[in-house]
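Since the structure is predicted, the reported quantities are computational estimates derived from the model, not experimental observations. In this chain, numbering begins with 1 at the start of the sequence shown.
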Amino acid sequence: MRFLISILSIAIVSGIAAYMTNIWWCIAVVAFITTLISGLAPGKGFLAGFCGVLLLWGIWALLLDLLNQHILSQRMAALFHLPNYALFIVVIALIGGLIGGFAGWSGSLLRSSFT
């Protein structure tokens, strides 16, 4: 239960923080602090940060992509030699997930080093 709450809190608080501050890397700070407070094991901390930010960035990229009728994502997919724009959205979500995952892992490792 604590794991699912961590995933949802990372996704929601990261979305609010990124929207309010216009700083993309605040997702890492939120994932770090959330896993530090929740006391998850390092593996679960990585997975919570990864899933939370993957969920946030995937939904956010998809919504922004739908608002501009896939124009930007098609051009960016062509720039990176990807076969279609949907794969570009998946890549964006995976990159965000890795950022959140490593931040969550760091928060869990810091907590486990003090206990």
Side-chain angles (χ1 to χ4, degrees):
M1 191 66 178
R2 194 171 51 178
F3 178 70
L4 290 175
I5 291 171
S6 296
I7 290 174
L8 290 176
S9 64
I10 288 171
I12 292 168
V13 175
S14 293
I16 293 169
Y19 182 75
M20 295 289 222
T21 62
N22 282 335
I23 301 173
W24 70 268
W25 50 264
C26 68
I27 59 164
V29 175
V30 170
F32 178 84
I33 292 172
T34 302
T35 55
L36 181 69
I37 292 171
S38 68
L40 295 173
K44 285 189 176 182
F46 177 84
L47 199 57
F50 182 84
C51 291
V53 177
L54 179 94
L55 181 69
L56 171 72
W57 274 23
I59 291 172
W60 205 330
L62 187 61
L63 288 176
L64 290 176
D65 188 50
L66 290 173
L67 288 175
N68 71 3
Q69 288 93 24
H70 315 293
I71 295 171
L72 181 61
S73 61
Q74 285 176 346
R75 290 182 182 177
M76 293 301 292
L79 180 69
F80 289 113
H81 303 290
L82 296 173
N84 57 13
Y85 67 90
L87 188 59
F88 181 70
I89 293 173
V90 170
V91 169
I92 289 173
L94 286 174
I95 290 172
L98 285 174
I99 293 167
F102 286 127
W105 188 28
S106 300
S108 296
L109 287 175
L110 183 66
R111 169 113 181 184
S112 67
S113 69
F114 286 122
T115 57

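- Side-chain heavy atoms closer than 4.5 Å link hydrophobic residues (I, L, V, M, F, W, Y) into clusters, and following such links, even through other members, never connects I71 to L67.
- Closest of all the heavy-atom pairs between S113 and L110 is OG-O, 2.7 Å.
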I'd like a table of donor-acceptor pairs (distance under 3.5 Å, sequence neighbours excluded) in which one partner is a side-chain atom from residues 42-55, with atom names and distances.
none

Quick one: side chains of residues 29-41, donor-acceptor pairs under 3.5 Å with protein atoms, not counting sequence neighbours, listed by atom name and distance.
| unit_1 | atom_1 | unit_2 | atom_2 | d |
| --- | --- | --- | --- | --- |
| T34 | OG1 | V30 | O | 2.7 |
| T35 | OG1 | A31 | O | 2.9 |
| T35 | OG1 | F32 | O | 3.2 |
| T35 | OG1 | G104 | O | 2.9 |
| S38 | OG | T34 | O | 3.1 |
| S38 | OG | T35 | O | 3.4 |

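- Nearest heavy atoms, A17 versus C26: C-SG, 3.6 Å.
- A continuous path of Ile, Leu, Val, Met, Phe, Trp and Tyr side chains, each step under 4.5 Å between heavy atoms, connects L64 with W24, placing both in one hydrophobic cluster.
- If you chain together hydrophobic residues whose side chains sit under 4.5 Å apart, I99 and W25 fall into the same group.
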Pairs of donor and acceptor atoms involving the side chains of residues 8-15, under 3.5 Å and at least two apart or interchain, shall be tabulated with distances.
| unit_1 | atom_1 | unit_2 | atom_2 | d |
| --- | --- | --- | --- | --- |
| S9 | OG | I5 | O | 3.0 |
| S9 | OG | S6 | O | 3.0 |
| S14 | OG | I10 | O | 2.6 |

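- For residues 48-68, the pairs satisfying side chain to side chain donor-acceptor pair (under 3.5 Å) are D65-H70, D65-S73, with sequence neighbours left out.
- The hydrophobic cluster containing L56 does not contain L63, counting ILVMFWY residues as joined when their side-chain heavy atoms lie under 4.5 angstrom apart, directly or transitively.
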Pairs under 3.5 angstrom only: tabulate donor-acceptor contacts from the side chains of residues 77-97 to other protein residues two or more places apart or in another chain.
| unit_1 | atom_1 | unit_2 | atom_2 | d |
| --- | --- | --- | --- | --- |
| N84 | OD1 | L87 | N | 3.2 |

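- Applying the side chain to side chain donor-acceptor pair (under 3.5 Å) test to residues at least two apart or on different chains, none of the pairs has a partner in residues 97-110.
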